[in-house]
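What follows is one structure encoded as structure tokens, with my remarks underneath.
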Amino acid sequence: MARIVQKFGGTSVADIARIKAVAATVKRELDEGHQVCVVLSAMAGVTDQLVGYAADAGGAHYSPEYDTVLATGEQVTAGLLALSLQEMGVESRSWLGWQIPIHTDGVHGRARIEKIEIEGLEQTINEGGVPVIAGFQGLGPDGRVTTLGRGGTDTTAVAVASALGADRCDIYTDVEGVYTTDPRIVANARKLEKITYEEMLEMASLGAKVLQTRAVEMAMKTRQRLHVRSSYSDVPGTLVVDEDEIVEQELVSGIAYSRDEAKITLVQVADKPGIAAAIFGPLTDASINVDMIVQNVSADGQATDLTFTVAKADLDRAVETVEAKKDVLEYADLLSDSNVVKISVIGVGMRSHAGVAQRMFETLAEKGINIQVISTSEIKVSVLIAEEYTELALRALHTAYGLDAE
Ligand code: ASP
Ligand code: MG
């Protein structure tokens, strides 16, 4: 007998027919003798609609009332699944975040889970029943409903699985697992059998939307294995696991890309102490995240060029912020470009093997693609290139690292 936490995303509970299919999936595990606890998202599209309502009502983002509105989507699906299970003769009850309670901090709109009181859930499970938990929501220290940030049901599921000491945490979604790269762009992308927490974290934060980044961070901390799988079929998905569970480690496990990048270059900025602080301090104060940074030494000891990247949505504000400091920075020109994409090759295997970056540079060179910025970490090499080459670069790199499906 295993204890299983099952999480179903928005497309898996999009209508009553899909919710009935979820109930059947739950029942299958019960019939095999397992214990099951379910965590649900809102129906696909509902949370977006609720965000729209809150905005139309003039609702300030990230306030208690905003969360009161947003949390309703999950209440509907949790109730409907519990009803469907009861209809099939399965004992079940719905749980809202505040009823359990799932205690969070008070940061509305992106609260963090602090503690889950599991006694009520344990009781239902031990009596053979199925708790159905509304994901994405909790109870703040002010006694108000909080939400965990978009995609937060993944985090609820991992937190509940860890608190209940679950043997498995199955993340049911509308794709079959985690792929080597975006299958919509690279037709022969391969589904990964296993991926490490660290690699998944990089993939998630670089835009592979299968799991919320915070959920992966939490799973890594609590060593909770995850199984990302399809709610439409029974085929095995991708296991997110510890590094030593992977015997044959590929050099590169996946290639991610992000079009959400924009580049700013300060031409001939003074080469003297305090300049970097004078540029990036005001950006930090304006809550603008800077991603890649390159600066060269100056040939004459006087001035050099400095390039950095920010999210596309922040570009205009970033330009204004830097221009406001022109007096101090004394640069000759400021150039900005939003037609760029960041491509990253990711793999824990590169910790122990040289040559990964070189293969990337050679492959891009063969295709005549110019690299504008490079950055590396222990398990990742990223380059910034012109956006029009996204598809070409992804396909060429996918082949070069031997990732193509047979
Ligand atoms: N319904 C919420 C959202 O769309 C939470 C989730 O689905 O994970 O962000
Ligand atoms: Mg999701």
Q: Would you verify whether the NZ or CZ of Arg190 falls within 45 degrees of the ring axis of Tyr179 while also being under 6.0 Å from that six-membered ring's centre?
A: no

Within a strict 4.5 Å, meaning less than it, do heavy atoms of the [X] and [Y] side chains meet?
X      : Y      : value
Val186 : Asn188 : yes
Phe308 : Leu283 : yes
Met43  : Gln49  : no
Ile100 : Ile116 : yes
Ser233 : Glu176 : yes

Are a donor atom and an acceptor atom from the side chains of [X] and [Y] found within less than 3.5 Å of each other?
X      : Y      : answer
Glu65  : His108 : no
Glu362 : Gln358 : yes
Glu261 : Thr309 : yes
Asp67  : Thr147 : yes
Ser231 : Arg18  : yes
Thr238 : His227 : no
Asp174 : Tyr232 : no
Thr307 : Thr265 : yes

Q) Taking the inter-plane angle between the rings of Tyr172 and Phe8 on a 0 to 90° scale, is it parallel (under 30°), tilted (30 to 60°) or perpendicular (over 60°)? A) parallel

Side-chain ([X]) to main-chain ([Y]) donor-acceptor, under 3.5 angstrom:
X      : Y      : value
Gln268 : Asp305 : no
Gln137 : Ala71  : yes
Asp170 : Gln6   : no

Q: Assess whether side-chain contact (heavy atoms from CB on, under 4.5 Å) is satisfied between Asp291 and Val310, documenting all intermediate values.
A: CA-CA 6 Å; Asp291 181 19; Val310 296; over 6 Å; no

Q | Test applied, side chain to side chain donor-acceptor pair (under 3.5 Å); reference residue, Gln212; option that passes from Thr153, Asp154, Thr155 | A | Thr155

Q) Out of Asp182, Thr390, Thr181, which residue meets the side chain to side chain donor-acceptor pair (under 3.5 Å) rule with Tyr257? A) Asp182

Q | Stepwise side-chain contact (heavy atoms from CB on, under 4.5 Å) check, Cys37 with Val160 | A | CA-CA 9 Å; Cys37 177; Val160 166; 4.1 Å; yes

Looking at [Y] and [X], is there a salt bridge between them, counting it only when a charged N and a carboxylate O are closer than 4.0 Å?
X      : Y      : answer
Glu127 : Arg93  : no
Arg317 : Asp314 : yes
Glu320 : Lys325 : no
Glu199 : Lys380 : no
Asp142 : Arg144 : no

In this structure, are over 12 heavy atoms from other groups packed under 6.0 Å from [X] atom [atom1]?
X      : atom1 : result
Lys326 : NZ    : yes
Tyr53  : OH    : no
Glu217 : CD    : yes

**Q.** Stepwise side-chain hydrogen bond (donor to acceptor under 3.5 Å, both in side chains) check, Thr399 with Asp404
**A.** CA-CA 6 Å; Thr399 304; Asp404 291 352; 2.8 Å; yes

(Q) Checking side chain to side chain contact (heavy atoms under 4.5 Å, CB included) between Val13 and each of Val76, Leu81, Leu40, Val46, which is the one that passes? (A) Leu40

**Q.** Residues Ile369, Val383; criterion side-chain contact (heavy atoms from CB on, under 4.5 Å); working and verdict
**A.** CA-CA 11 Å; Ile369 300 172; Val383 295; over 6 Å; no

